Amino acid sequence: MLNKVTTILECSRAFSLPMTIMSWLVVFTFSALGTGNIWYGLLSLVGICLTHLAANILDDFFDYKSLIKQVGFDKQEYLKNSQKTKCRYLISGMVKVQDILLIAGIYLLIACLIGFYLFLKCGVGVIYFTIIGGIITFIYSFMSKIKLSEFAIAIIYGPAIFGGVYYVMTKTYSWEVFLLSVPTMLVTVILLYIHTIMDFKFDKYENKKTIANSFETPSHSLIVLKWLLICVYLSVVLLCIFDILDWQVFLVYATIPLAVDLYKSMKEYALNPESVPEKKWYHFPMENMMNAPNFMTRIYQSRNLMIYFSLFLCIAIVCSLS
């Protein structure tokens, strides 16, 4: 039973859930301090996480269908070269296609039931945000093939999650929460962008067009990563300018060393993809390396930057609004 649960979580890429949970935590903290309904906020987290896991599965499913249609596709050769988290469980036959579709269906069914309950309790706004999330869940795999994956993630982790959670907790809309979402949304986009840098060759092989592989080499694509990191910390200033939060928001600058480490780590990867960055105490947590430490260490570095950044932002929210 435990092995089955572990397999399901691995297929669902559960290691990426902290990105969703931390984004939710920021807007939940902001809304709760504004007398938002805590129960509805917690319920929304369950629905959002289930939708996230379903989106991961459907993304792999559509990628798998695209791969096996390619002329001359060799499963064994692909398994030797592909990243450990990309469609391996489908290509290797470890899990059947109908099984993962069933899992995705269960995730979405429960998420829809939660959404319907919140619609009855909170109003029609729930439908608007659910539609946005639902559409991107189903078309994300196609968007990722035409340089729109970062845009899709920005919409989900910006207005969709922040606007949706704020709405179910307060039954109102607010431009402030959309602005509040910008810093954490950018950090989340960075995780995806780093993934596409490391999948530079694989995505080209699979005929995927990404922002990263639009450049001549992975090294050249790092210019976008540099500017994304800069924009994360510049965007925090807007929260003060528009009087959304007070000076405490600059606590997030404590994560700058993590951002610098991440950029250096990616420069090293661009020169030598097999290199494994040195682990430091503040890089924790780093769990299952999935037999690909060069890949997963950098994914965890990016994920953990988002975790720490969000935690400091939550502290700033509490200090500013309490």
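What you are looking at is a predicted structure, and each value in this text was computed from that prediction instead of being measured.
For R303, the salt bridge (charged side-chain N to carboxylate O under 4.0 Å, His left out) partners two or more places apart in sequence, or in a different chain, are E287. The ring-ring contact (aromatic ring centres under 6.0 Å, His included) check on F178 picks up nothing, with sequence neighbours excluded. Residues passing the ring-ring contact (aromatic ring centres under 6.0 Å, His included) test with Y157: none are found, sequence neighbours excluded.
Contact check for S221 versus I211: no side-chain heavy atoms found under the 4.5 Å cut-off. The shortest side-chain heavy-atom distance between K147 and S214 falls under the 4.5 Å cut-off. At least one side-chain heavy atom of N304 sits under 4.5 Å from a side-chain heavy atom of P285. Side-chain contact between T210 and Y193: absent, with no pair of heavy atoms (C-beta onward) separated by less than 4.5 Å. Contact of the L313 side chain with the V249 side chain is registered, since non-hydrogen atoms from C-beta on lie closer than 4.5 Å. Between M266 and I197, some side-chain heavy-atom pair lies under the 4.5 Å cut-off. Counting heavy atoms from C-beta outward, F215 and V224 have side chains that approach closer than 4.5 Å. Put simply, the side chain of I153 reaches to within 4.5 Å of the side chain of Y140, judged on heavy atoms.
Annotation for Y117: atom OH counts as buried by contact number, over 12 foreign heavy atoms lying within 6.0 Å. Residue Q98 places its CD atom among more than 12 non-hydrogen atoms of other residues, nucleotides or ligands, all under 6.0 Å distant. More than 12 heavy atoms of other shown residues, nucleotides or ligands fall within 6.0 angstrom of atom NZ in K145. Dense packing is recorded around OH of Y173, with more than 12 heavy atoms of other residues, nucleotides or ligands lying under 6.0 Å away.
Ring geometry for W24 versus F28: interplanar angle under 30°, hence parallel rather than tilted (30 to 60°). A perpendicular orientation is assigned to the rings of Y233 and F309, their planes being inclined by more than 60° (bins at 30° and 60°). Under the 30°/60° scheme for interplanar angles, the aromatic rings of F242 and W175 are found to stand perpendicular.
Under the 4.5 Å side-chain heavy-atom criterion for Ile, Leu, Val, Met, Phe, Trp and Tyr, L109 and F138 are members of distinct hydrophobic clusters. By the rule that hydrophobic residues join a cluster once side-chain heavy atoms approach within less than 4.5 Å of another member, I161 and M19 end up as members of one cluster. Note: the hydrophobic cluster containing M143 also contains I132 (ILVMFWY, side chain heavy atoms under 4.5 Å, direct or indirect links). Connection of M306 to I230 is established within a shared hydrophobic cluster, with ILVMFWY side chains joined at heavy-atom distances below 4.5 Å, either directly or through further cluster members. By the criterion of side-chain heavy atoms lying less than 4.5 angstrom apart, applied directly or through intervening Ile, Leu, Val, Met, Phe, Trp or Tyr residues, I223 is grouped together with L262 in one hydrophobic cluster.
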Applying side-chain contact (heavy atoms from CB on, under 4.5 Å), run through M286 and T297 and close with a yes or a no.
-> CA-CA 7 Å; M286 288 194 175; T297 299; 3.8 Å; yes

What's the verdict on side chain to side chain donor-acceptor pair (under 3.5 Å) for S275 and N294, showing C-alpha distance, side-chain angles and the deciding distance?
-> CA-CA 6 Å; S275 65; N294 58 325; over 6 Å; no

Determine, step by step, whether F30 and I244 satisfy the side-chain contact (heavy atoms from CB on, under 4.5 Å) criterion, reporting the C-alpha distance in whole Å, the side-chain angles of both residues, the deciding distance to 0.1 Å, and the verdict.
-> CA-CA 10 Å; F30 184 81; I244 297 171; 4.0 Å; yes

Start with the C-alpha gap between E268 and R298, add the side-chain angles, then the distance that decides, and say whether side-chain contact (heavy atoms from CB on, under 4.5 Å) holds.
-> CA-CA 11 Å; E268 184 182 352; R298 291 173 170 94; 4.1 Å; yes

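Between H52 and Y107, a ring centre-to-centre spacing not shorter than 6.0 Å is recorded.
Side chain of K171 to backbone of K121: a donor-acceptor contact under 3.5 angstrom is found. Using a distance-only test at 3.5 Å, with no hydrogens or angles considered, no donor-acceptor pair links the side chain of Y166 to the main chain of T172.
Looking at N56 and S16, their side chains do bring a donor and an acceptor atom within 3.5 Å of each other.
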